[in-house]
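Take a look at the structure below.
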Amino acid sequence: MPSKFQVTQRPHGAACILAIEGFLDAHTAPEFEKAIEQAVQAGNVRLVVDCARLTYISSAGLGVFMSFLEDVRERGGDLKVAALDANVYQVFEVLGFPALLDIEPTVEDAVTRFEGA
Amino acid sequence: MPSKFQVTQRPHGAACILAIEGFLDAHTAPEFEKAIEQAVQAGNVRLVVDCARLTYISSAGLGVFMSFLEDVRERGGDLKVAALDANVYQVFEVLGFPALLDIEPTVEDAVTRFEGA
Amino acid sequence: MASFEKTFTLHVPSSTENLAMIRDFVSSIGARAGLDDAQVLRLALAVDEACANVIEHAYGSEQFHEVTIHGELDNDELSFVIVDTGRHFDPAHLQSESVEELVKQRKSGGLGLRLIRTIMDDVQYRIIPGEKNELRMTKKLHKD
Amino acid sequence: MASFEKTFTLHVPSSTENLAMIRDFVSSIGARAGLDDAQVLRLALAVDEACANVIEHAYGSEQFHEVTIHGELDNDELSFVIVDTGRHFDPAHLQSESVEELVKQRKSGGLGLRLIRTIMDDVQYRIIPGEKNELRMTKKLHKD
Ligand SMILES: Nc1ncnc2c1ncn2[C@@H]1O[C@H](COP(=O)(O)OP(=O)(O)O)[C@@H](O)[C@H]1O
Ligand SMILES: Nc1ncnc2c1ncn2[C@@H]1O[C@H](COP(=O)(O)OP(=O)(O)O)[C@@H](O)[C@H]1O
């Protein structure tokens, strides 16, 4: 079966949470891209991507994070990543993402960072 | 990876319970066969196969049930099957097994049948 | 929409160790065909039985041969073709003893082809002498 | 024990829909090689990246071509060979911009080969002109 992937959006304090679930690969990345695009177009620039239920990510998924980072920052926001499991974190790490974007242990932590800003 | 399968034996009242777990196919059937053989050789002829955690069975697995049925019955015992999930039950059913051997909803029910005997 | 066929092929060594992999392969294609979980499981069972037969009977349990499974999916049906280069057999000359008979004889086999025929809508066996044997089994989709 | 090679092959249509199936195939072989879950996941990732590249770049996202994945397992190493009949490329002439650069340029790609090279012990690309292109990647087993 094709990769299973789902993205759901919810507001949380000052931030917009995008919870992603399942497998984020070259097949499902366009769906994630569209969800971020819509959120940004609706004026949300404080984005937290909740990865608690993300089981897999490939470079196509990481590419989505990369391509929106400057955009939201230029608009005074940020894109933070929360609740990565160990295997998924490793993929971010190997490519040097921890130096590029804010990776927080929980969604709560990521939202607090926005509120402190 | 090869099929995962496990069999564990425990006594329960008048019966010997063989709990099987995972995938019972042509690769794992020999392991199940050996376990029944050992139980019978140790004098257990009132056998209940607990299938609560059995996720898959192919004809090689059903063959193990077939080949021991007469043996344990001749020795005054029986081989009963308990706690089949719907998909596994269907395989038993399609081949006419419900007419051949005692299929009980729970291990408890199967043991009670032995005690009533 | 025009009927567009998708073809998938898996080659594995002739060992029962690989049956799990074969079932995963079949299940993926079955899910792609839109079958539900119970149907997918039956499909995987039919192909498992066919491949177990090839491993045991066509190749006499020698593990260094190759089993090939083709999956062909179009709008109307899903077919699997199991190819071996081992010994062939004549399905027409198989005795079909009742399960009661098999139990009396303490048999541990003789159920595989029965399961395949029950699950699939069409089953064909073809011998291409000196080359290969093929068991083709087809499941119709969107049945009324 | 003599080194005995086991070979597995999967052919699928060139659609990203099939990446999940490809990862399952690789994961089965990785588990067979005795790798742990985290290692199996990285192996599946490396092959996913290579196949996604073939689908996107070699075949320009046309879905009617074929992607072939060979898995070769022996006592010492596990190799995967990804074969395509599409456009080839020259890995030596790729710019390797830093991830910082890619972010500045709002790029959404450019990380795949980097991941493959990080995960695997050896990566070779071979063009057989007019015939096929092969990316071979090898993971040593039992590393000290
Ligand atoms: N692929 C095959 N190659 C050779 N012989 C086969 C093959 N499939 C089935 N047979 C023959 O048909 C018989 C019945 O097969 P089957 O119904 O699957 O039961 P089982 O394999 O348990 O004996 C086998 O015992 C074997 O003699
Ligand atoms: N199999 C392939 N066939 C053709 N070109 C390829 C192939 N793999 C990679 N490339 C080229 O190399 C570049 C870098 O690939 P990669 O690091 O995987 O990043 P991405 O695929 O995200 O661009 C690609 O953009 C493409 O131009």
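Below, each value reflects all heavy atoms present in this structure, side chains not excepted, and no hydrogens, waters or symmetry copies. Naming convention: chains lettered A, B, ... in sequence-line order (proteins, then strands); numbering from 1 in each chain.
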Please flag which part of [X] lies under 4.5 Å from any non-hydrogen atom of chain C: side chain, backbone, both or neither.
{"X": "L100(B)", "answer": "side chain"}
{"X": "F68(B)", "answer": "neither"}
{"X": "Y56(B)", "answer": "side chain"}
{"X": "E33(B)", "answer": "neither"}
{"X": "L101(B)", "answer": "neither"}

#### Entry: side-chain contact (heavy atoms from CB on, under 4.5 Å) between D25(B) and R23(C), worked out
CA-CA 11 Å; D25(B) 65 3; R23(C) 292 193 301 266; 2.7 Å; yes
### Task
Count the heavy-atom pairs under 4.5 Å between each of G63(B), S59(B), A26(B) and chain C, then report the option with the highest count.
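Among the listed options, the one with the most contacts to chain C is S59(B).
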### Query
Would K80(B) count as a cation-pi partner of F114(B), with NZ or CZ less than 6.0 Å from the six-membered ring centre and within 45° of the ring normal?
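Yes - K80(B) lies over the ring of F114(B), closer than 6.0 Å to its centre and within 45° of its axis.
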Side-chain donor-acceptor pair under 3.5 Å between [X] and [Y], yes or no?
{"X": "H65(C)", "Y": "S14(C)", "answer": "no"}
{"X": "Q39(C)", "Y": "D37(C)", "answer": "no"}
{"X": "T138(C)", "Y": "E77(C)", "answer": "no"}
{"X": "R53(B)", "Y": "Q6(B)", "answer": "no"}

### Query
Given I116(C), which of L111(C), V47(C), V123(C) fulfils the side chain to side chain contact (heavy atoms under 4.5 Å, CB included) condition?
V123(C)
### Query
Can you tell which of I55(C), L45(C), T118(C) has the highest number of heavy-atom pairs within less than 4.5 Å of chain B?
L45(C)
### Task
Step through it carefully: locate the ring centre of Y59(C), locate the ring centre of F64(C), and say whether they are under 6.0 Å apart.
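That pair fails the under 6.0 Å test.
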### Message
Only heavy atoms, only distances under 4.5 angstrom. Which residues in residues 79-102 of chain C are near chain B?
### Response
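So the qualifying residues are V99(C), E100(C), L102(C).
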### Task
Would you give the length of the straight line joining atom CD of E5(C) to atom CG of N75(C), rounded to the nearest 0.5 angstrom?
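Interatomic distance, E5(C) CD to N75(C) CG, rounded to 0.5 Å: 10.5 Å.
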